[in-house]
There are 4 protein chains.
Amino acid sequence: MGIRERKERERERRRQQIIVAAKRVFSDKGFNKSTMEDIAKEAELSPGTLYLYFKNKDELYASLSLRILQYLIIRLEHVNGNNEMDPIQKVEALNEAMFDVYEFDPLIIINMFHLQSSETLKNLSDELLREIEDLSRKSLGVIAGIFQEGIDKGVFIDEHPIALADIFWSLFSGVILWESSKSIINGNKDYLRDTLKIAFEVFVRGLKKA
Amino acid sequence: MGIRERKERERERRRQQIIVAAKRVFSDKGFNKSTMEDIAKEAELSPGTLYLYFKNKDELYASLSLRILQYLIIRLEHVNGNNEMDPIQKVEALNEAMFDVYEFDPLIIINMFHLQSSETLKNLSDELLREIEDLSRKSLGVIAGIFQEGIDKGVFIDEHPIALADIFWSLFSGVILWESSKSIINGNKDYLRDTLKIAFEVFVRGLKKA
Amino acid sequence: MGIRERKERERERRRQQIIVAAKRVFSDKGFNKSTMEDIAKEAELSPGTLYLYFKNKDELYASLSLRILQYLIIRLEHVNGNNEMDPIQKVEALNEAMFDVYEFDPLIIINMFHLQSSETLKNLSDELLREIEDLSRKSLGVIAGIFQEGIDKGVFIDEHPIALADIFWSLFSGVILWESSKSIINGNKDYLRDTLKIAFEVFVRGLKKA
Amino acid sequence: MGIRERKERERERRRQQIIVAAKRVFSDKGFNKSTMEDIAKEAELSPGTLYLYFKNKDELYASLSLRILQYLIIRLEHVNGNNEMDPIQKVEALNEAMFDVYEFDPLIIINMFHLQSSETLKNLSDELLREIEDLSRKSLGVIAGIFQEGIDKGVFIDEHPIALADIFWSLFSGVILWESSKSIINGNKDYLRDTLKIAFEVFVRGLKKA
DNA sequence: AATGAATGAGACTTCATTCAT
DNA sequence: TATGAATGAAGTCTCATTCAT
């Protein structure tokens with residue numbers, strides 16, 4: 001391993017350390033109430049150091065989303081690649097995978113939507129922006145692939161698989177967001193799991209060919 | 001019309017003027033990037049004046065949501081009260097109504113979620129908080145009523161109607177949010193309508209009793 | 001009574017109404033935390049009206065002090081004019097009079113010192129400034145007269161009576177201010193009366209000719 | 001000297017730099033009319049920097065008082081510890097010491113009273129509040145000790161020494177405040193010294209046992 | 001004379017970002 | 001590379017004062 005390569009690896013390690021800290025802080029306080037100093041403290045680094053690895057706060061946030069998106073894709077591909085499941089089982093596995101990812105990092109949903117803000121996008125480097133688009137498209141693509149298979153096998157209704165993937169993702173994130181927002185007023189968190197379950201039962205029933 | 005009454009009306013007009021300006025600014029820049037001065041400028045008033053009508057920025061934002069929520073409820077009740085439609089037609093009309101409201105004020109969805117922030121809730125007056133809770137509960141209640149009717153008539157599957165209402169609302173807002181967030185990158189807005197349509201077809205199919 | 005005279009009298013009545021309200025509000029919250037709107041509300045007038053009677057907030061405050069100073073002078077002159085008391089009895093009566101005035105308006109002491117701020121003085125009209133000087137000098141003069149009498153009669157030590165008047169006034173206000181400031185931390189208010197009593201015993205003993 | 005120690009010293013130096021600037025500004029304009037920006041400018045720092053060293057404006061003000069209070073105590077203990085003076089000489093030395101402190105920082109008196117405001121106290125950290133109480137109590141305690149000694153030795157009248165200490169302090173601050181407030185109108189500052197001198201002659205005469 | 005809605009300057013404070021060490 | 005003290009722009013909110021009615 002060359003010296004340059006070692007440096008590169010060291011640099012990547014540091015980046016991850018910061019991202020992990022940022023995740024904890026953002027989870028705790030949300031984007032706007034989290035300060036760069038909070039994150040630096042959590043990472044046991046100084047604020048200045050953060051800027052050696054990330055251009056600005058928005059880019060740090062986006063990188064965080066990127067990382068979890070990568071994790072999501074791995075899980076999705078694993079589901080998709082499993083040839084022993086029929087399409088319906090795959091959708092169920094999809095559901096499981098998404099929930100795991102959500103539990104691993106509940107921020108994922110909110111992250112994805114924070115990225116929507118055009119004010120945020122303005123502060124991102126082109127490179128990062130492209131990467132986000134790629135991963136986003138890719139993960140939707142994998143999901144769409146699963147639906148495509150179902151359609152091809154005559155199990156699912158004949159709709160555009162990309163649209164189905166969007167709906168799947170929307171339903172999942174919608175339920176998460178909605179139940180979370182209600183739970184702050186109601187304090188009822190267990191309800192989320194139940195609602196998700198029913199939501200997917202309905203979704204899958206609606207998906208099946210008559 | 002008494003002098004007091006006229007004053008009251010004048011005051012209400014001014015409130016609306018501010019709310020309309022705030023809506024435009026919040027739509028444009030999002031909550032955090034919008035400043036009270038932006039809103040004042042948009043309303044052609046001075047910053048101080050805003051505080052004569054709204055206690056603080058959070059309360060101005062919440063009032064904005066309240067207004068659209070009231071409009072939503074009127075639409076929902078109109079659907080529910082129509083005795084000439086069967087449950088399935090009602091769900092379709094529900095869908096239409098929600099979309100109209102969304103077109104009237106695309107912020108409604110994001111508003112509803114912004115209200116979730118406990119930091120936001122802390123700054124609201126008790127009165128406003130109670131009003132929000134009431135309206136929120138009420139609108140969900142109307143939706144649930146429609147599903148209840150479908151279940152009673154043996155048309156829909158036998159699930160808790162409140163859960164079905166939550167899912168309906170989640171699916172709707174999920175699709176809106178998701179397609180909006182994608183459209184910023186893709187610039188493709190027409191797709192939203194189509195996706196919503198498919199989403200509800202699937203949902204309704206899944207809802208029907210076998 | 002001419003119409004002009006009646007108007008003048010009406011105007012004066014209004015001024016007093018505002019001063020009374022201001023006293024209550026300033027007593028309650030202190031100068032800086034009291035707003036013109038607070039005072040207007042207490043006087044059951046509108047903020048704008050206050051400015052028809054007083055040039056600005058500082059001048060309103062100063063006028064308030066003036067009024068209590070006038071009351072003080074009446075009390076002092078009454079003591080001084082009583083020919084049945086010997087000098088020592090007069091100093092004791094002085095003490096009583098000051099305490100009565102203090103109880104009637106505890107703000108008097110703080111008022112007198114607030115007037116010291118050159119920033120405050122800058123905002124006062126020349127006329128008011130002169131009036132304050134006059135009354136201030138006059139009240140000190142009456143006190144000094146009492147000490148002069150004691151010196152003339154050979155009862156008090158031979159010091160400049162104006163200086164003695166200043167000391168008397170300083171001791172009184174010093175004890176009031178100091179005990180008030182302590183009482184906020186200690187919550188002990190009864191101590192004030194006792195301390196004042198001892199203070200004057202010591203003062204009078206020190207005043208007497210050997 | 002370790003690196004940490006040097007940093008600590010540097011930090012303390014900066015704190016003092018700010019306190020010195022604040023003293024000048026507060027002296028000049030009083031608490032309310034002084035802005036944090038004024039102080040920053042005087043200290044040749046940016047406003048933000050002030051907040052690295054002091055939690056808020058009130059705490060900056062209180063720290064300023066604390067500093068001078070510490071200096072006062074040193075002087076008072078020095079007087080008290082001198083075994084070659086009799087009680088009367090000690091009270092005279094007390095007087096001198098207080099005047100020196102006053103000349104070193106004329107704000108001390110006003111500071112002590114500003115601290116009284118419960119609005120101010122609310123904004124102070126518990127630690128600072130406790131420190132102020134301690135020092136305040138301590139300085140009064142030292143003064144009371146001197147009077148106690150005079151009483152024990154049969155030189156002073158038999159009154160509660162704490163009360164005498166309060167009176168001493170009140171008389172001193174009363175004269176200072178009163179003469180300062182007059183001098184703004186009269187422009188006569190030399191008179192202060194004389195008045196203080198007479199005040200303490202009278203006080204000491206009144207203190208002595210017959 | 002009286003009103004009170006509106007003003008807008010300005011206060012305090014925060015925090016993303018920079019830069020000398 | 002890492003630091004962290006310092007910056008200073010910007011945000012929210014208050015309130016003395018004005019002015020059209």
Side-chain angles (χ1 to χ4, degrees), chain A residues 7 10-11 14 32-41 43-61 123, chain B residues 3 7 10-11 14 18 32-41 43-60 123, chain C residues 7 10-11 14 18 32-41 43-61 123, chain D residues 3 7 10-11 14 18 31-41 43-60 123:
Chain A
K7 281 214 169 162
E10 182 58 31
R11 188 176 165 77
R14 215 12 98 82
N32 280 288
K33 305 261 172 186
S34 301
T35 71
M36 290 301 266
E37 197 174 337
D38 290 338
I39 296 167
K41 214 166 271 169
E44 295 180 274
L45 290 170
S46 81
T49 305
L50 267 49
Y51 287 85
L52 297 176
Y53 294 89
F54 300 92
K55 211 183 79 193
N56 54 43
K57 194 182 172 189
D58 279 329
E59 190 140 339
L60 170 53
Y61 196 97
N123 286 327
Chain B
I3 197 168
K7 285 233 166 134
E10 182 59 32
R11 189 178 164 78
R14 198 35 75 87
I18 295 171
N32 280 290
K33 307 253 177 181
S34 300
T35 73
M36 290 303 264
E37 197 173 338
D38 291 338
I39 296 167
K41 217 166 268 169
E44 294 180 273
L45 289 170
S46 80
T49 305
L50 268 48
Y51 288 87
L52 296 177
Y53 295 87
F54 300 93
K55 216 183 73 196
N56 54 43
K57 195 183 169 188
D58 279 329
E59 192 139 339
L60 170 52
N123 285 327
Chain C
K7 282 216 168 159
E10 181 59 32
R11 189 177 164 78
R14 215 11 98 83
I18 295 171
N32 280 288
K33 305 261 172 183
S34 301
T35 71
M36 290 301 266
E37 196 174 338
D38 290 338
I39 297 167
K41 214 166 270 169
E44 295 180 273
L45 289 169
S46 80
T49 306
L50 267 48
Y51 286 84
L52 297 176
Y53 294 88
F54 299 92
K55 214 183 77 193
N56 54 43
K57 194 184 173 189
D58 277 329
E59 191 141 337
L60 170 53
Y61 197 95
N123 286 328
Chain D
I3 196 166
K7 286 233 166 137
E10 181 60 32
R11 188 176 166 79
R14 203 28 81 89
I18 294 171
F31 180 78
N32 279 290
K33 307 253 177 181
S34 301
T35 72
M36 291 302 266
E37 198 173 339
D38 291 338
I39 296 168
K41 217 166 267 170
E44 295 180 273
L45 289 169
S46 81
T49 306
L50 268 48
Y51 287 86
L52 296 177
Y53 294 88
F54 300 93
K55 214 183 74 194
N56 55 41
K57 194 182 170 190
D58 278 329
E59 192 138 338
L60 170 52
N123 284 328

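Here the structure is a predicted model, which means the values were calculated and not measured.
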Nucleotide-resolved protein contact map, nucleotides 13-21 of chain E, B/S/- at heavy-atom distance under 4.0 Å: BBBSBB---
C:Arg14 vs E:dA2: side-chain N/O to OP1/OP2 distance below 4.0 Å: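 Yes, C:Arg14 has a side-chain N/O under 4.0 Å of OP1/OP2 on E:dA2.
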Sidechain-backbone polar pair: B:Asn32 side chain, A:Asn32 backbone, donor-acceptor under 3.5 Å: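 Not a single qualifying donor-acceptor pair exists.
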Side-chain donor or acceptor of B:Asn123 paired with backbone N/O of B:Asn56 under 3.5 Å: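 No; judged by distance alone, with no hydrogens or angles, the pair does not exist.
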With heavy-atom distances below 4.5 Å as the criterion, would you say the side chains of [X] and [Y] are in contact?
X       : Y       : result
C:Lys41 : C:Glu37 : yes
B:Arg14 : B:Leu52 : no
D:Leu60 : D:Met36 : yes

Restricting to non-hydrogen atoms, name the atom on [X] and the atom on [Y] that form the minimum distance, rounded to 0.1 Å.
X       : Y       : value
C:Ala40 : C:Pro47 : CB-N, 3.6 Å
D:Ile18 : D:Ala43 : CA-CB, 4.5 Å
B:Phe54 : B:Glu59 : CD2-O, 4.3 Å

Assign [X] to base, sugar-phosphate, or nothing according to its heavy-atom contacts below 4.0 angstrom with the strands shown.
X       : answer
A:Leu45 : sugar-phosphate
D:Arg11 : nothing
A:Phe54 : nothing

A:Ser46 side chain, from C-beta outward: closest of E:dA5, E:dG4, F:dT3: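 Taking heavy atoms from C-beta onward, the closest nucleotide is F:dT3.
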May I have the distance from [X] (atom [atom1]) to [N] (atom [atom2]), rounded to whole angstrom?
X       : N      : atom1 : atom2 : value
C:Ile18 : E:dA1  : CD1   : C1'   : 12 Å
D:Lys41 : F:dT7  : NZ    : P     : 14 Å
B:Asp38 : F:dA10 : CG    : P     : 12 Å
C:Leu50 : E:dA2  : CG    : P     : 11 Å

Residue whose closest nucleotide on DNA chain F lies nearer the 5' end, D:Glu44 versus A:Tyr53: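 So the residue in question is A:Tyr53.
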Within 6.0 Å of NZ in C:Lys55, more than 12 heavy atoms from elsewhere: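 Counting other residues, nucleotides and ligands, NZ of C:Lys55 exceeds 12 neighbours.
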All stems with DNA chain F, defined as three or more consecutive Watson-Crick or G-U pairs under 3.5 Å: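 Runs of three or more consecutive pairs: E:2-21 with F:2-21.
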